[in-house]
Each structure stands twice: as C-alpha cells, then as structure tokens.
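Working notes, beginning with the structure itself.
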Amino acid sequence: MIDLNRKQDPAFHQINTIEFLNVTKIHLDNGIEVNYINGGSQQILKIDFIFNAGTYFQKKPLIASSTINLIKEGTKSYSAAEIAEGIDEYGAFFEVENSYDTATLTLYTLSKYLNNVLPYVKEVLLFPTFSKNEFNIYKNNRLEKFKINLEKVSFVARTVFMEILFGKNHPYGANPTIETYDNLALSDITDFYNDFYNLDNCKILVAGKVEEQTIASLNNFFGSLSILKTTTSKKPTIILSDENSTRYIEKENALQSAIRIGRIIPNKLHPDYFGLQVLNTVLGGYFGSRLMKNIREDKGYTYGIGSGITSFKNAGYFFISTEVSSKVTPAALIEIYNEIELLRTKKIPLNELELVKNYMLGQLLKACDGPFNMAAMFGNVDMYGLDYSYYTNFISTIKKITPQTLLELGVKYLNKSDLKEVVVGLL
Amino acid sequence: MITFEKFTLKNGLKVIVHWDKSTPIVAFNLLYNVGARDENENQTGFAHLFEHLMFGGSDNIPNFDEPLQRVGGDNNAFTSNDITNYYITVPKNNIETGFWLESDRMLKLAFTEKSLEVQRNVVIEEFKQNYLNQPYGDVWLLLRPLTYQVHPYKWATIGKEISHIENATMDDVKSFFYTHYLPNNAILSIAGNVDVEEMKSLCEKWFGDIPPGVIKKRNLPKEPQQTEPRRLLVERDVPANAIYKAYKMCNRKGADYYITDLLSDILSQGKSSRLYISLVKEQKLFSEINSHILGCFDDGLLVIDGTLQDGVSFETAENAILNEIERVKTDLINGLELNKVKNKIESSHQFSETSILNKAMNLAISELLGDANEVNKEVENYQKVTAKEIYRVANEILNESNCSTLIYAKIKN
C-alpha cells in the first residue's frame with residue numbers, strides 16, 4: 001500500500017452545471033394554471049394549492065393565517081372531524097403555510113389514493129363554512145401558544161424586529177398582541193376568504209409521481225368549476241418605518257439575550273441580490289462564517305449565530321440573529337458590528353471567497369435534489385414571474401463576482417447607521 | 001426498497017453502501033456506538049460535549065469544516081442517549097474529501113486546550129438556550145430522573161447539570177476518545193450515485209490502517225419494573241399549566257415495539273386521533289395534546305403530554321386523559337381506525353425515502369440494532385399488527401402503576 005499523505009486534501013471538482021428537473025406548465029379546462037415536476041422513485045405526490053393571500057393582504061394581524069388554518073375545519077358537506085378522518089384514512093397529510101405573500105394548502109399523498117382524498121381538498125378550498133365553534137376553538141388555542149411564545153426571547157426579538165423594520169402599519173411589520181386575538185372577528189375571516197380564495201387567485205404545483213391520470217384527476221375535481229374574478233383592491237403600501245432604529249426589551253432573570261440586527265434590502269428582482277447573498281454567506285450564512293468563527297468558535301458567547309436574507313414580493317430584508325449569554329451581551333454586540341464593518345472596509349480574501357462560492361454552489365445542487373425540492377425552487381421564483389434562468393444567472397454571477405464588487409455592496413448596504421437593532425434580555 | 005451492499009474492513013469498521021442513481025448528492029454517515037447512556041453518572045453530558053470537540057481539528061487537518069465547505073459540502077452531527085452520529089452531504093464528485101476528513105478524526109483528534117475551553121462555553125450556552133431559558137425547557141431534565149431510577153436514561157444528553165460540563169478535563173476527553181472512537185465501534189453508511197467497488201477501495205485507502213481497539217462490554221443496569229405511580233409537581237413562571245405522563249414500554253428491538261408505536265398513533269396521530277378529537281375539540285380541556293414514543297435502544301417510554309386550557313383543573317384534565325386510556329383498554333379498535341394509522345406509516349415511510357441522508361442514517365442505525373435490512377421490513381412489521389395486540393399492549397403498559405406523571409403548574413400571581 002502506498003504511504004498515505006493525510007495532510008494533502010484530495011483533488012476536487014467544481015460544480016459547473018446543475019441539472020434542473022423539467023417543469024411542465026398546463027392549464028385545466030377552466031384556465032387554472034398547473035405546474036408539475038415528474039420524478040423520484042416513490043409512488044407519492046405533493047400538491048400545493050398556492051393563493052395570493054398571505055399576510056401582505058390582510059388589514060389586521062392574524063387574519064391571513066387564521067383563514068388558511070380554518071378552511072380545513074368544516075365545510076358544506078363535511079365536519080372538521082370528517083375531513084381529518086377522510087384525509088387520515090388514506091395516510092395523507094394536509095399542511096398549511098401562511099407566508100408574507102402567499103397562503104398554501106399542501107396535500108401529501110400516496111399516488112394510489114389521490115382520487116380518494118381530492119374530494120376533501122375540493123371541499124376545503126371551495127366550501128369552508130367557518131363555524132363559530134371552530135373559530136373559537138382555533139382562536140383560544142392559538143392565543144395559548146402565543147402567550148407561551150411571548151416568553152421566548154427569540155420570538156419576541158424576531159417579531160419586534162419586523163415591526164421596527166417595516167413599521168407597525170405595514171402588513172409585513174404589524175404583530176399581533178393579546179388584544180388582537182381578543183378582537184379578531186369571524187367576519188374578518190369570511191371577508192378575507194371571499195376576497196382572496198378565488199380560483200383565479202390560485203396556482204397548483206405538483207411534484208412526484210405525476211402521470212396522465214394525475215392531471216386528469218385534478219381537471220376532474222377543479223377544472224370544471226367556474227372561476228370568479230378576484231377584485232383585490234389591495235394596493236402595495238409604501239414601506240417606510242418611522243420606528244426608532246434600536247429597541248431594547250429588558251427581561252429580568254434572562255440567562256440569554258436574543259439579538260436581531262438588520263435592514264430592508266431589495267428583493268430577488270434586483271441585480272444586487274445575488275451579491276448580497278454572497279456577502280451574507282461570508283458574514284453569517286454557514287457554519288464557517290465570520291460571525292460563527294468569532295462569536296461562537298473563538299469567544300464561546302453563543303450556541304449559534306447566523307445571518308440571512310429573505311425576499312418578499314414587495315421588499316427584502318437582511319438580518320443577523322443569535323442568543324448570547326446575558327453576561328456578554330454588550331461584548332457580543334461590539335463583535336457583531338466589528339464583523340459588519342470589516343465587510344465595508346476590507347476586501348474579502350480570495351481564498352475565503354472561493355470557499356464561499358463553492359459552498360453556495362454545493363448548497364444549490366442539494367436544494368435542487370429530487371422533485372420535491374425542485375418544486376420548492378420553482379415556486380420560489382415563479383411567484384416573481386421568474387423561471388429557472390434565475391438559477392443559471394445565480395450560478396454565473398456567483399462564479400464571476402469579485403472582492404471589489406462585494407466591498408462596494410458592503411459600503412452600499414451595511415452602514416451601521418442604516419441598521420436596526422433589537423435586544424431582548426439583559427444589556 | 002433500499003438496495004445496499006455491506007462489508008467489514010479488517011479493523012472492524014462496518015460499511016454499508018446504497019446506490020441511488022437519481023441524486024447528484026452523496027450522503028456519508030458515520031455512526032459511533034456511544035451515547036449519553038455510556039457516561040459516568042458524575043460526568044454527564046460528556047458524549048455530547050465530545051461531539052462538539054470532534055469539529056476542533058484532527059491530527060493532520062487543523063479545521064474540519066473548511067475543507068468540506070470548499071468542495072461544496074455540508075455536515076453536522078447529533079448525540080442521543082444511545083448513539084453519536086456524524087453526517088456529511090457532498091456533491092458526488094467530491095466524496096473523497098469526506099473520507100479524508102472523517103478518517104483523520106477517527107485516527108486522532110488534535111486535542112487542543114482552546115477547543116475544549118471554547119466548546120465547554122458553547123455547550124453551556126446550548127444548555128441555557130434549549131433547557132433553561134425556554135418555557136417548559138426543563139421538562140425532560142425533570143421527567144428523566146422521575147421515570148428512570150437506575151438506568152442511565154435518567155439524565156438527558158445535554159447532561160444533568162452545567163457543572164458536569166464545566167469540570168470536563170483534557171484527560172477525560174482523551175480517554176473517551178480512545179475508549180469509544182474506534183473503527184470497530186463504528187458504522188459507515190454511504191448513499192448516492194456511487195460505485196460500490198470504488199467505495200470499497202476508498203474505504204480501504206482512508207480507513208484501512210486505523211488500528212482497532214478493545215471495546216469494553218456495555219453493562220448497563222436494567223431499569224426494574226415500576227410498581228407504583230410516581231408523581232412530581234413543579235411550579236414555574238409559564239403562561240399555562242401542562243401535564244406529562246410517561247409510561248414504560250419495551251426497547252426498539254422488543255417484540256411489542258411496533259404495536260406500541262401504533263397505539264400511540266391511535267391516541268394522537270393527526271387531527272382525527274382520539275385525544276385531539278375528544279380533549280381539544282369536543283371537551284375543550286387542552287389547547288394542545290400529543291403522544292409519542294421514545295424509540296430507545298433500552299426500555300423506552302410512551303409519553304402523553306398536553307397544555308391545559310385556562311381555568312381547567314389538573315384533576316379534570318388528567319381524568320379526561322385517563323378516560324381515553326380506559327377506552328383503548330376496554331374496546332378493540334375497529335379495522336378502519338387501525339388501517340388509518342397503518343396507511344400513515346406507509347406514506348410517511350415513502351416520503352422519508354425521498355431524502356438520501358435519511359436513507360443513509362436509517363441504514364446505519366438499523367445495522368447497529370442488528371441488521372441494516374430491517375429498514376426494508378419496517379412497513380411490513382407495522383402492517384402485521386392486529387387490533388388484539390394493541391388491546392393487549394394497552395392493558396399491559398397504560399397503567400398508573402407503570403406511569404410517571406409530571407404536573408407542571410404555572411405560578412399563581
């Protein structure tokens with residue numbers, strides 16, 4: 001056996017292309033758009049029904065999320081229990097997700113039972129009854145969860161951060177309080193449903209074992225329904241927060257302080273977005289990031305620290321988040337701002353940048369693995385009217401980007417005076 | 001069906017290779033047969049602290065993460081009461097970097113003082129973040145010693161108390177490494193679009209010359225049969241009252257394991273389950289209720305936990321749980337209800353197999369339990385369960401004399 005040189009790393013190969021699973025766009029007989037990705041070896045399906053009915057469209061907190069949660073709790077033909085029973089009987093799962101822009105009902109099912117569970121999906125989407133009883137149960141139970149969340153420093157920091165970022169009056173920034181729960185009315189939900197849950201405001205995204213029969217079934221259940229026009233009077237609100245740029249919420253006896261720092265940035269549609277993703281990864285977007293190295297691996301102040309950027313349809317934001325020992329909160333803040341400042345004053349060394357680029361491409365490859373992941377990747381761009389070319393642009397932009405460009409982005413976006421800061425715990 | 005090949009190196013390292021042509025990613029999962037149950041009672045939390053130290057550099061490679069990130073890979077690890085598991089996902093063409101990194105830290109860790117000092121602090125912060133600075137965070141720190149009196153499951157993987165982590169020394173670290181981190185105490189599982197022969201030669205190349213060691217026979221005390229109800233009442237500054245009921249059950253390999261899992265599903269899997277329908281929707285006593293099992297390598301627990309609605313007394317809430325338990329002990333469940341939980345198992349299983357990493361992990365864990373191929377029999381094992389068996393197990397284990405109850409009360413203002 002040849003002597004092994006364990007100090008020498010094995011040769012490696014850069015990722016040049018990523019194979020995207022094909023997405024096919026069709027329309028049901030009545031015009032509903034369906035996108036599907038066929039793949040994988042399991043006989044299973046994941047079907048998303050995506051409505052433009054997220055938080056952005058609500059007049060008060062809680063309405064959008066309550067609506068998507070309550071559509072499952074009783075319909076014209078079935079009680080809440082019958083729906084749950086009908087779905088469970090075939091081993092299927094419902095999942096609802098309310099995001100800032102969209103509200104999604106997802107069905108996970110074995111392909112062989114698709115026709116057994118679609119009747120329930122149809123009822124839930126089209127004929128929910130929103131009974132007073134179900135509404136009250138839902139509201140009470142959510143309020144209990146909310147009260148528990150208010151005891152968590154990370155939860156409070158996250159919600160207060162959104163508030164000072166976008167302002168209390170913007171749907172992205174308005175948070176519920178106990179009073180909002182008390183004042184939530186059933187008519188808020190039914191109005192919201194009537195305004196936004198029309199089929200012309202819905203797209204269907206299917207992934208897994210998609211066969212001719214799958215599409216025929218969808219057409220059978222949804223393609224013959226008449227479509228109402230959604231006349232959403234909702235206008236995009238101007239995002240301008242008049243909140244103070246820092247907020248400190250003291251929590252007696254807190255063992256850790258939760259910190260959030262960040263700002264509004266452009267969303268996916270802006271040319272700076274890819275560069276900002278690189279900058280974010282360098283700073284706090286992976287385990288070897290500068291924040292992790294400094295604040296966890298060198299100082300031991302925290303179990304974890306990270307940063308991220310998020311894109312909404314009408315804005316984006318950048319954030320740093322951590323929970324640090326409350327004994328060292330001021331020291332941790334100093335180190336965080338030091339790391340931010342470095343991105344504005346010093347070019348990222350080529351060696352570090354190369355690592356980050358490779359890491360990001362590897363993560364993209366993983367994010368595209370299999371039909372379910374790929375469907376999520378498609379959904380994430382489709383809502384902006386973009387397609388897979390977004391990802392090929394991402395790859396080529398990442399590969400080309402230079403330390404100079406990133407320094408300029410740092411100067412442009414990471415000025416301390418533009419950053420908002422929330423601390424919940426002890427300073 | 002997960003197809004795989006299995007072989008063992010001369011030093012005792014067991015290897016499983018599963019090929020799946022559909023993915024560009026390879027999962028590389030290395031499981032060590034050591035967990036918190038192998039700790040000394042005065043040095044708890046050590047297996048988990050040690051997992052953190054595994055990222056502090058090895059003999060020939062100063063930093064574990066960087067070279068992997070440089071080739072587009074990612075990794076993490078977890079420690080349970082039974083095992084410590086390290087996993088990597090990496091683009092297929094760069095799989096050798098995984099071999100290089102994992103074999104070097106199996107060969108010899110760097111053992112730097114700095115790493116020990118920092119990771120002690122990091123783990124203490126993890127302790128605070130997840131167990132102390134969270135509402136209900138200390139539940140398992142209370143429930144474990146209540147349910148287990150002699151078996152090492154009586155402490156959580158994070159440890160009994162922070163001082164155990166503070167007191168860990170470099171000598172302890174070294175002795176732990178040379179006792180447990182041996183090729184003959186590990187299982188490597190590789191899944192992806194890989195060639196088995198190539199994996200064999202890479203295994204030989206990187207792991208072949210790591211010397212095996214002597215593995216001490218595990219000799220854990222068996223938890224004696226519980227004979228009386230146990231109760232603990234605590235008061236905490238939380239917004240709502242909560243109750244936890246833990247019933248002893250068999251271990252992961254026990255004949256009744258699948259039956260007990262389905263019993264727990266009957267009680268609380270999904271929104272048509274008995275506890276949810278009766279206690280949350282109809283009687284409105286709980287804002288949330290769950291039941292689940294701990295699939296432990298030694299005797300486990302079936303746990304029912306719920307958060308009480310405001311104004312509901314503990315007595316009323318607990319009696320309502322007991323009534324549901326009485327029902328499942330009195331009447332045979334009907335075929336439809338049994339079929340429902342079996343169908344859920346089948347679909348969950350199919351969805352879990354869409355993840356290459358899940359497959360690699362499950363193969364390694366199954367192999368440690370005796371045979372990797374058990375992953376392919378799981379659904380069938382659930383399918384075989386009958387209503388009579390569920391009735392029998394419910395009557396055997398869902399008794400108060402077999403139960404530990406934690407009453408977690410909010411402090412009255």
Side-chain angles (χ1 to χ4, degrees), chain A residues 1 4 6-7 9-10 12-13 15 18-19 39-44 80-81 84-85 88-93 108-110 137 140-141 144-145 147-148 150-153 254-256 286-288 296-303 323-325 354-355 358-359 361-363 365-366 369-370 372, chain B residues 22-25 59-61 65-67 69-74 89-91 93-94 96-97 100 104 117-122 125-126 128-129 132-135 205-206 209 238-240 270-272 277 280-281 284 287-288 307 309-310 336 339-340 343-347 350-351 353-354 356:
Chain A
M1 200 166 159
L4 196 56
R6 288 189 173 271
K7 295 202 188 303
D9 55 334
F12 85 91
H13 311 270
I15 296 162
I18 293 176
E19 272 180 50
S41 46
Q42 276 77 25
Q43 306 289 319
I44 49 181
E85 186 75 40
D88 285 347
E89 185 184 344
Y90 296 99
F93 296 84
Y108 297 86
T109 183
L110 295 165
I137 293 173
N140 283 341
N141 293 349
E144 289 305 314
K145 275 195 190 115
K147 286 183 192 161
I148 293 168
L150 285 180
E151 298 300 311
K152 298 176 184 169
V153 289
L255 295 170
Q256 289 187 319
Y286 71 118
F287 200 89
R296 172 174 147 142
E297 294 296 302
D298 186 59
K299 311 283 188 317
Y301 288 165
T302 180
Y303 176 45
E323 281 155 76
V324 301
S325 169
E354 192 204 6
L355 181 151
N358 291 343
Y359 175 75
L361 294 173
Q363 292 310 104
L365 184 73
K366 196 166 135 184
D369 182 17
F372 299 108
Chain B
S22 72
T23 169
I25 300 288
D59 210 19
N60 298 290
I61 310 170
D65 294 300
E66 259 183 44
Q69 289 152 357
R70 190 173 293 284
V71 303
D74 206 0
T89 51
V90 64
N93 292 337
N94 296 329
E96 190 162 0
T97 303
W100 173 58
D104 203 54
E117 188 199 319
V118 168
Q119 292 309 320
R120 269 196 301 244
N121 286 332
V122 169
E125 291 310 313
E126 182 179 357
K128 291 184 200 162
Q129 184 171 322
L132 305 179
N133 207 37
Q134 293 287 340
K205 176 177 170 184
W206 292 104
D209 63 357
V238 290
K271 293 203 160 176
S272 70
I277 291 284
V280 176
K281 292 301 273 290
K284 302 182 177 71
S287 64
E288 196 169 356
T307 312
Q309 283 286 8
D310 217 13
L336 202 69
N339 229 0
K340 176 180 87 174
N343 280 340
K344 284 262 175 186
I345 294 280
E346 186 188 349
S347 69
Q350 296 252 9
F351 276 98
E353 288 203 352
T354 59
I356 195 78

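To find a chain, count down the sequence lines: A is the first, B the second, and so on, and within it residues start at 1. Because the structure is a prediction, the values reported are computed rather than measured.
Residue Ile137(A) touches chain B through its side chain alone, counting heavy-atom pairs closer than 4.5 Å. With a threshold of 4.5 angstrom between heavy atoms, Phe372(A) approaches chain B through side-chain atoms but not through N, CA, C or O. Contacts between Glu19(A) and chain B at a heavy-atom distance below 4.5 Å are absent for every atom of the residue. Interface remark: Tyr301(A) contributes backbone atoms only to the contact with chain B (heavy atom separation under 4.5 Å). Looking at Thr109(A), the atoms closer than 4.5 Å to chain B (heavy atoms on both sides) all sit in the backbone: N, CA, C or O. The part of Glu288(B) that comes within reach of chain A is its side chain, from C-beta onward, which places non-hydrogen atoms under 4.5 angstrom from that chain. Within the 4.5 angstrom heavy-atom criterion, only side-chain atoms of Val153(A), from C-beta onward, approach chain B.
Listed options Glu117(B), Gln69(B), Lys281(B), Lys271(B) were ranked by heavy-atom pairs under 4.5 angstrom with chain A; first place goes to Gln69(B). Looking only at heavy-atom pairs under 4.5 Å with chain B, the residue among Lys152(A), Lys147(A), Arg296(A) that has the most is Arg296(A). Considering only heavy-atom pairs separated by less than 4.5 Å from chain B, the leading option among Lys299(A), Gln43(A), Glu89(A), Glu354(A) is Glu89(A). In terms of non-hydrogen atom pairs under 4.5 Å with chain B, the most contact-rich of Thr302(A), Asn140(A), Leu361(A) is Thr302(A). Between chain B and the residues Ile15(A), Asn141(A), Leu150(A), the most heavy-atom pairs under 4.5 angstrom are made by Asn141(A).
No side-chain heavy atom of Val71(B) sits under 4.5 Å from any side-chain heavy atom of Asp9(A). Here the side chains of Ser347(B) and Phe93(A) are in contact, with some heavy-atom distance below 4.5 Å. At least one side-chain heavy atom of Pro24(B) sits under 4.5 Å from a side-chain heavy atom of Asp369(A). The closest side-chain heavy-atom distance from Pro239(B) to Glu144(A) is not below 4.5 Å. The closest side-chain heavy-atom distance from Asp74(B) to Tyr359(A) is below 4.5 Å. Between Trp206(B) and Arg6(A), some side-chain heavy-atom pair lies under the 4.5 Å cut-off.
With no hydrogens or angles considered, a side-chain donor-acceptor pair links Lys128(B) and Ser325(A) at under 3.5 Å. Side-chain contact annotation: Glu125(B) with Tyr303(A), donor-acceptor N/O pair under 3.5 Å absent.
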Val238(B) and Ile148(A): side-chain contact (heavy atoms from CB on, under 4.5 Å), yes or no, with the steps?
CA-CA 7 Å; Val238(B) 290; Ile148(A) 293 168; over 6 Å; no
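Salt bridge present: Asp88(A) and Lys344(B) bring a charged side-chain N and a carboxylate O closer than 4.0 Å.
Residues Gly362(A) and Pro91(B) share a closest heavy-atom pair of CA-CG, 4.3 Å.
Annotation: the span from Asp65(B) atom CG to Tyr286(A) atom OH amounts to 9.5 Å, rounded to 0.5 Å.
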